[in-house]
Protein chains: 2
Amino acid sequence: MPKNLSEQLLHELGSSIVQGERKPGELLPKVETLSEMKGVSRTVVRETMKGLSARRLIESSTRTGTVVRDREAWLWWDPDIISWAAAAEENQSFLMQLTEVRLAMEPAAVKLAAKNADEEDIATIRHRFDLLEQSVDNEDDWVEADAAFHEAILHASHNELMQSLIQTLQEGLYQSRHTTMRMLQRAGDNSRKMALDLHRDVMTAVIEGKEDEAMARMETLLHTVSHLLKEYEAEVKKEAPN
Amino acid sequence: MPKNLSEQLLHELGSSIVQGERKPGELLPKVETLSEMKGVSRTVVRETMKGLSARRLIESSTRTGTVVRDREAWLWWDPDIISWAAAAEENQSFLMQLTEVRLAMEPAAVKLAAKNADEEDIATIRHRFDLLEQSVDNEDDWVEADAAFHEAILHASHNELMQSLIQTLQEGLYQSRHTTMRMLQRAGDNSRKMALDLHRDVMTAVIEGKEDEAMARMETLLHTVSHLLKEYEAEVKKEAPN
DNA sequence: AATTATTTGTCCGTATGTATG
DNA sequence: CCATACATACGGACAAATAAT
């Protein structure tokens, strides 16, 4: 639930643009008109416009009005834009793109972690892994512990930009998939036990400072999880087709 | 040159936060005071605050006032934040982080390009390479043609998120280094001829759809360029130490 | 080529709501 | 209950740019 009028309107217009309802080149109604249409003051409309143009979704010029910009200009790594795109009806392609980025970044981050982790980082990682191990039988705990473990690894990379990037895309993936993810967790203890081993492998490589091995093992982990996920989705689809 | 008052103030306050002048936890002056200090209306100050909190640099709460948020919360992939950070006095660490991300993303993008490029993409890449080849003797043309070539490759990845990401970080790197980059261009034709061969290798792998080879060759290219750059910087430093 | 009309851009004053000490 | 300090919202006034006449 949006807190104020301009955020509400921002969400409404932003979604309609990102989800393709309003297309690049299209002219938006003028401020005065929008103000009347939505029953808000010009100030609110103007703040909304400011938010949209800060994300480079629109471009305004005097007399001509305000038009939707080309997709190439959009600041895709804005959390709002990602969430709007992930919430779209036809978002398969977008989710795939997010996954492709993740597959490039997470292994790179782990490689850095293997290189840069200090004693404190390693202590945290060990601790988080213990928690993961203990929560292997509980769905909710597992999801939380898994996120915490990955967060500790990322933190050990000592690269704030990567952390921020991965966190943003995780949120994007999570948002549209959290039900699916939970379902995977429910798929059975076997999946979790297998995943636990893979996590341990990553951790060991990081602690021992074996960069390339850490990277390769993270790739294995991601591919395995994605494979499990697909398998499970196919199964669910078979049982209950659209 | 910032166009308006709120952007001017946004730049001023944003820079002071990102560059560490105002530290996390620190309390900002209240709106009224800032308004007087800077000689602008409260509306301008409020718009500035909106811009800062949209980037999650600050957090406001009633009565307590407005405080600087922890670095982890910042939206690092905002072009403004990147440019403020890149312009900082002590930015060695930040530039290294940017480079680390680039080293992870560009090869991944090329790999995708080798997989996804269609005929039109390939025609464009070939054309851009021809331009690159023709501009091997001209500094200014080379810089432009080089950017255009990389852009064509990225476009062929058919992943808008990666494109946007790489473009943003390129701008960040460019901004603080453009003089250095130009100097590398001036370093001599040999560097450019060597670089040209490396570009051709990448192009060939993409056209032939050899994913892993394209990726490996882009890694080689990036490492070579970065090596040349370091060498040249060292030389310049030797001639004219601080 | 000059003028006019339209639309966005900018700044301001003011008022109300809300949470805090 | 009161004073403080910020958030939100409204609408007026004028400036600047530019398409249309």
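Note on naming: letters A, B, ... go to the chains in the order of the sequence lines (proteins, then strands), and numbering restarts at 1 for each one. Note that the structure is predicted; figures quoted are calculated from it, not measured.
Taking atom CG on Leu10(B) and atom P on dT10(C), their separation rounds to 13 Å, with Å as the unit. For the pair Gln8(A) CD and dT8(D) C1', the interatomic distance rounds to 13 Å; values are reported in whole Å. Rounded to an integer number of Å, the gap from CG of Leu27(A) to P of dT7(C) is 9 Å.
Heavy-atom neighbours of Glu144(A) CD from other residues, nucleotides or ligands within 6.0 Å: at or below the threshold of 12.
For the pair Thr66(A) (side chain) and Glu59(A) (backbone), a donor-acceptor distance under 3.5 Å is absent. Under the 3.5 Å distance criterion, the side-chain polar atoms of Trp76(B) are matched with a main-chain donor or acceptor of Arg71(B).
Residues from residues 29-61 of chain A with heavy atoms under 4.0 angstrom of DNA chain C, sorted by number: Lys30(A), Val31(A), Arg46(A), Ser60(A), Ser61(A).
Looking only at atom types and distance, the side chain of Ser6(A) has a donor-acceptor partner in the side chain of Asn4(A) under 3.5 Å away. Judged purely by distance below 3.5 Å, without hydrogens or angles, the side chains of Glu151(A) and Gln170(A) never pair a donor atom with an acceptor atom.
Along DNA chain C, the nucleotide nearest Leu28(A) and the nucleotide nearest Arg63(B) are compared for position; the residue whose nucleotide lies closer to the 5' end is Leu28(A). Each of Thr64(A) and Glu7(A) was matched to the nucleotide of DNA chain D holding its nearest heavy atom; the match closer to the 5' end belongs to Glu7(A).
Checked against dA20(D), dT4(D), dT8(C), the side chain of Thr62(A) finds its nearest nucleotide in dT8(C).
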Distance-only check: which donor-acceptor pairs under 3.5 Å involve side-chain atoms of residues 18-34 of chain B, not counting sequence neighbours?
from, atom 1, to, atom 2, distance (Å)
Gln19(B), NE2, Trp84(B), O, 3.1
Arg22(B), NE, Ser16(B), OG, 3.3
Glu26(B), OE1, Lys23(B), N, 3.0

